[in-house]
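Because the structure is a prediction, the values reported are computed rather than measured. The figures here come from the full heavy-atom set of this structure, side chains too, leaving out hydrogens, waters and symmetry mates. We name chains A, B, ... by the order of the sequence lines, and we start the count at 1 in each one.
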Amino acid sequence: MTSRPIDLGDFEEAPPPQKPGGLSARALAGAEAPYLKGLNPEQRAAVETTDGPLLVLAGAGTGKTRVLTTRLAHILNTGKAWPGQILCVTFTNKAAREMRERIGHLIGGVVEGMTWLGTFHAIGVKILRSHAELAGLKSGFSILDTDDQIRLLKQIIEAAGIDEKRWPARQLAGLIDNWKNRGLLPARVPAGEAHAYGNGRGAELYAEYQARLRVVNAVDFGDLLLEVLHIFQDHPDVLKEYQRRFKYMLVDEYQDTNVAQYLWLRLLAQGHKNICCVGDDDQSIYGWRGAEVDNILRFEKDFPGAKVIRLERNYRSTPQILGAASGLIAKNESRLGKTLRSERDDGDMITLRSHWDGDEEARAVGEDIEQLQRKGEKLNDMAILVRASFQMRAFEDRFITLGVPYRVVGGPRFYERQEVRDALAYLKITASPDNDLAFERIINVPKRGIGDTSVKRMHEHARKNGYSLYRAAEVVSQTDELPAKARTALRTLLESFGRWRQALQGLPHTELAEIILDESGYTTMWQNDKSPEAQGRLENLKELVRSMGEFETMEGFLEHIALVMDTESNASEDKVNIMTLHSAKGLEFGTVFLPGWEEGLFPHQRSLDENGRAGLEEERRLAYVGITRAKRRATISFAQNRRVHNLWQSSLPSRFIDELPEAHVEVAPMANSYGGYGIGSYGTSRFEERTTPFSNTYDTPGWQRAQRAYAKGEAMRSSPNIIEGQLVARETEGKNIARGARVFHQKFGYGRVSHVDGNKLTIDFDKAGEKRVLDSFVELA
DNA sequence: CTGGAGGATCTTTTT
DNA sequence: GATCCTCCAG
């Protein structure tokens with residue numbers, strides 16, 4: 001196999017000449033470069049230790065980004081490398097963007113030359129594009145998003161004769177993702193794991209999926225890492241060139257790297273060995289995505305001679321907040337251990353509040369926010385950080401009623417909306433017709449009478465002849481295999497695409513996009529749609545075309561959105577932020593609300609079920625991330641009842657609440673609207689005992705329950721067993737409540753079971769009518 | 001082939 | 001509660 005030579009451009013071996021009279025000269029002369037001012041000694045050491053492997057353990061709020069950007073500026077200014085010789089990887093686009101901006105502030109336009117600053121995935125694409133043929137791809141390959149991936153997998157599963165009901169495509173997607181994150185090709189998947197899907201056909205389907213991806217000349221997110229890794233492993237000449245190129249490497253959020261990323265970093269770092277990783281083991285919250293905290297824990301072993309610098313001065317939070325967070329995270333066992341010291345004045349203790357239900361929780365937060373606003377605080381400086389996105393709704397509803405402006409960060413994404421994806425499919429096919437998934441998506445949208453049977457026929461053609469669906473459509477449209485109506489429709493569509501493709505050269509791409517959406521009838525389809533959301537969809541289409549304008553070409557635009565699934569939200573308006581704990585990482589707010597600290601929700605049940613103690617520790621880190629976002633104020637709350645799906649569940653306060661050091665927490669006496677259910681009205685809940693000192697040991701009900709569950713070797717599958725504040729003895733043995741059984745429920749009284757669905761029962765209550773409840777809430781009458 | 005009705009399933013987090 | 005899917009009647 002041959003590999004295209006890497007374009008080395010200006011980046012030859014010789015070090016760049018000194019810039020005359022620039023900062024570099026001054027720095028070399030021993031004068032203080034202005035950007036070094038104001039760094040504390042540790043930060044400064046992290047900036048100036050440029051050569052050799054370096055791990056910077058940067059606790060929350062210790063100025064991590066500042067160190068990273070200053071370090072980059074320093075390397076550039078002292079003439080140690082050209083911008084194009086520095087590899088700088090981040091995890092999120094947001095981080096990459098911010099980094100670029102801040103470096104720009106420090107050193108100006110030189111940042112433009114930093115072509116290798118970006119997310120792992122963005123850099124992966126770049127490398128893969130120049131060596132596509134080594135991975136069996138053509139350079140113009142397309143990048144599938146999760147949605148496409150699932151649809152492709154569904155086809156494969158169906159073709160393999162596997163019941164998709166029993167073996168959901170999602171599950172297979174998860175497994176494949178997991179394998180890719182660990183750098184495993186189909187042949188290397190451990191036999192045991194391959195067995196986890198479709199009666200042992202997991203690896204086979206994975207192989208088939210990879211083959212299909214090659215046929216349609218596409219990759220998924222995982223491939224962007226996996227394929228690059230394998231190119232490096234199998235082609236030493238290519239690896240060598242990149243090793244030579246990257247004189248300095250910087251990695252942000254190192255604790256979030258997965259095995260594949262770690263392996264490729266390690267390969268590259270064997271060149272100049274100047275790798276600097278910045279991270280915080282206490283903020284590793286992406287284990288579910290394959291991140292290995294272990295990578296950071298064993299950095300010193302992996303990179304011999306590595307220096308480690310700890311940043312422990314926190315400039316963000318008050319001692320109270322930091323104290324609470326530190327106390328909590330200290331419960332984790334697998335960590336390197338840091339002691340954060342606050343550089344700020346003492347503030348208020350963390351407030352802890354109990355609520356009757358989620359709505360009341362939202363009401364209370366709303367009141368707090370209005371009060372703070374009256375005191376002159378900015379909404380922008382407040383955030384509500386939730387564990388799971390379904391929690392957001394209660395707050396949104398409340399804010400709408402109150403008229404409090406809010407923004408949902410990382411909510412339903414623009415590029416994932418149906419109409420946007422449809423529109424993009426049209427554009428993608430115009431740019432590259434062989435994108436089968438895109439073609440299939442819109443071949444009958446808007447409806448043109450080309451139904452499933454017709455599409456199936458084209459598929460057969462495509463598969464038999466080994467060409468794309470689009471090509472098959474061209475062939476079939478010239479035969480009489482399809483009903484006349486479908487054939488004409490198909491011909492018209494193909495002709496349109498031909499015409500649009502022609503126009504790709506001549507017309508400005510935004511104009512072309514409008515023409516495509518018009519002529520295809522797509523816009524008209526929504527104009528004729530009377531549903532309430534149609535208007536919004538049309539606006540989204542407009543917004544899509546508008547955002548295209550920021551790119552030079554259609555191709556550039558399409559490449560961008562494949563990797564950047566979010567749109568920059570304008571942070572300028574004054575709005576309360578609502579987001580998940582995950583997307584809050586790296587941000588800070590004056591006031592932070594942390595609702596929903598309940599067993600089962602936070603820590604999340606699935607995390608415990610699937611990953612046991614490691615899962616619990618990751619949840620705890622998530623809690624730590626949440627608290628440390630706050631600068632001055634943090635309020636933690638939990639509800640005693642929460643509606644999940646359509647059924648009410650009572651819940652226990654999170655075990656994390658027990659773990660907060662008593663000295664930094666104050667329990668809010670909450671006179672709530674459902675008098676009688678406030679603190680103290682229910683006997684057995686631990687929350688009431690809160691008037692006595694907190695216990696800092698693992699002996700609270702929540703913890704004990706966990707212990708019992710683990711001891712039995714069984715995950716805690718069912719929900720906590722409290723009914724209106726009363727701990728109910730749990731009958732763990734199967735209840736075996738059958739249809740027709742007469743049962744008793746604490747809240748709804750007597751009734752008869754009309755339907756059984758696993759542990760969910762539909763019961764016709766004598767007084768309360770029909771309700772759906774979990775079996776653990778009823779007893780046989 | 002289309003459209004509507006009814007049913008099942010889901011909700012952790014994301015490049 | 002919402003969305004996605006399947007099934008059935010036109």
K.L.:
Could you verify whether a donor N or O on one side chain and an acceptor N or O on the other, from A/His459 and A/Glu440, lie under 3.5 Å apart?
P.N.:
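Yes, A/Glu440 and A/His459 have a side-chain donor paired with an acceptor closer than 3.5 Å.
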K.L.:
What is the distance, rounded to the nearest whole Å, between atom CE of A/Met579 and atom P of B/dT14?
P.N.:
11 Å
K.L.:
Within this structure, what is the CD-to-P distance between A/Glu618 and B/dT14, rounded to whole angstrom?
P.N.:
13 Å
K.L.:
For the pair made of CD in A/Gln418 and C1' in C/dA2, what is the distance, rounded to whole Å?
P.N.:
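Answer to the nearest Å: 14 Å.
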K.L.:
Please check the phosphate of B/dC1 (OP1 and OP2 only) for any side-chain N or O of A/Ser454 closer than 4.0 Å.
P.N.:
yes
K.L.:
Just how far, in rounded Å, is C1' of B/dT11 from CZ of A/Arg170?
P.N.:
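Rounded to the whole Å, the gap is 10 Å.
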K.L.:
With rounding to the nearest 0.5 angstrom, report the CG to CZ distance, A/Leu493 to A/Arg448.
P.N.:
4.5 Å
K.L.:
Once you round it to whole Å, what is the distance between C1' of B/dT11 and CZ of A/Arg642?
P.N.:
13 Å
K.L.:
When you measure from the side chain of A/Lys447, which nucleotide among B/dG3, B/dT15, C/dG1 comes out closest?
P.N.:
B/dG3
K.L.:
Which is more 5' along DNA chain B, the nucleotide nearest A/Gly222 or the one nearest A/Phe390? Just name the residue.
P.N.:
A/Phe390
K.L.:
Report yes if a side-chain nitrogen or oxygen of A/Thr580 is closer than 4.0 Å to either non-bridging phosphate oxygen (OP1 or OP2) of B/dT14; otherwise report no.
P.N.:
yes
K.L.:
Below the 4.0 Å mark, does C/dC5 have OP1 or OP2 next to a side-chain nitrogen or oxygen of A/Lys154?
P.N.:
yes
K.L.:
In terms of side-chain heavy atoms of A/His121, which of B/dT13, B/dT15, B/dT2 is nearest?
P.N.:
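Selected nucleotide: B/dT15.
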K.L.:
May I ask you to evaluate whether A/Asn258 reaches the phosphate of B/dT15, defined as a side-chain N or O under 4.0 Å from OP1 or OP2?
P.N.:
no
K.L.:
Expressed as a whole number of angstroms, how long is the span from A/Tyr286:OH to B/dT14:P?
P.N.:
6 Å
K.L.:
Could you say whether the aromatic ring of A/Trp288 and the base of B/dT13 stack, counting only centre distances under 5.5 Å and plane angles under 30°?
P.N.:
yes
K.L.:
For the salt bridge (charged side-chain N to carboxylate O under 4.0 Å, His left out) test, which of A/Asp280, A/Asp256, A/Asp282 pairs with A/Lys585?
P.N.:
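Going through the options one by one, the only one that passes is A/Asp256.
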K.L.:
Between A/His604 and A/Phe120, which has a closest nucleotide on DNA chain B that is more 5'?
P.N.:
A/His604
K.L.:
Can you find a side-chain donor-acceptor pair between A/Glu396 and A/Tyr406 that sits under 3.5 Å?
P.N.:
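There is such a pair (donor and acceptor under 3.5 Å, judged by atom type) between the side chains of A/Glu396 and A/Tyr406.
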K.L.:
Please give, in whole Å, the distance from B/dT15 P to A/Leu229 CG?
P.N.:
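Those two atoms, CG and P, are 22 Å apart.
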K.L.:
With no hydrogens and no angle check, do the side chains of A/Asp294 and A/Tyr262 hold a donor and an acceptor under 3.5 Å apart?
P.N.:
no
K.L.:
In whole Å, what separates the C1' atom of B/dT11 from that of C/dT6?
P.N.:
22 Å
K.L.:
Between C/dA2, B/dT15, B/dC1, spot the one nearest the side chain of A/Thr453, thanks.
P.N.:
B/dC1
K.L.:
Rounded to whole Å, please give me the gap between CD in A/Gln605 and C1' in B/dT13.
P.N.:
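About 16 Å, once rounded to whole Å.
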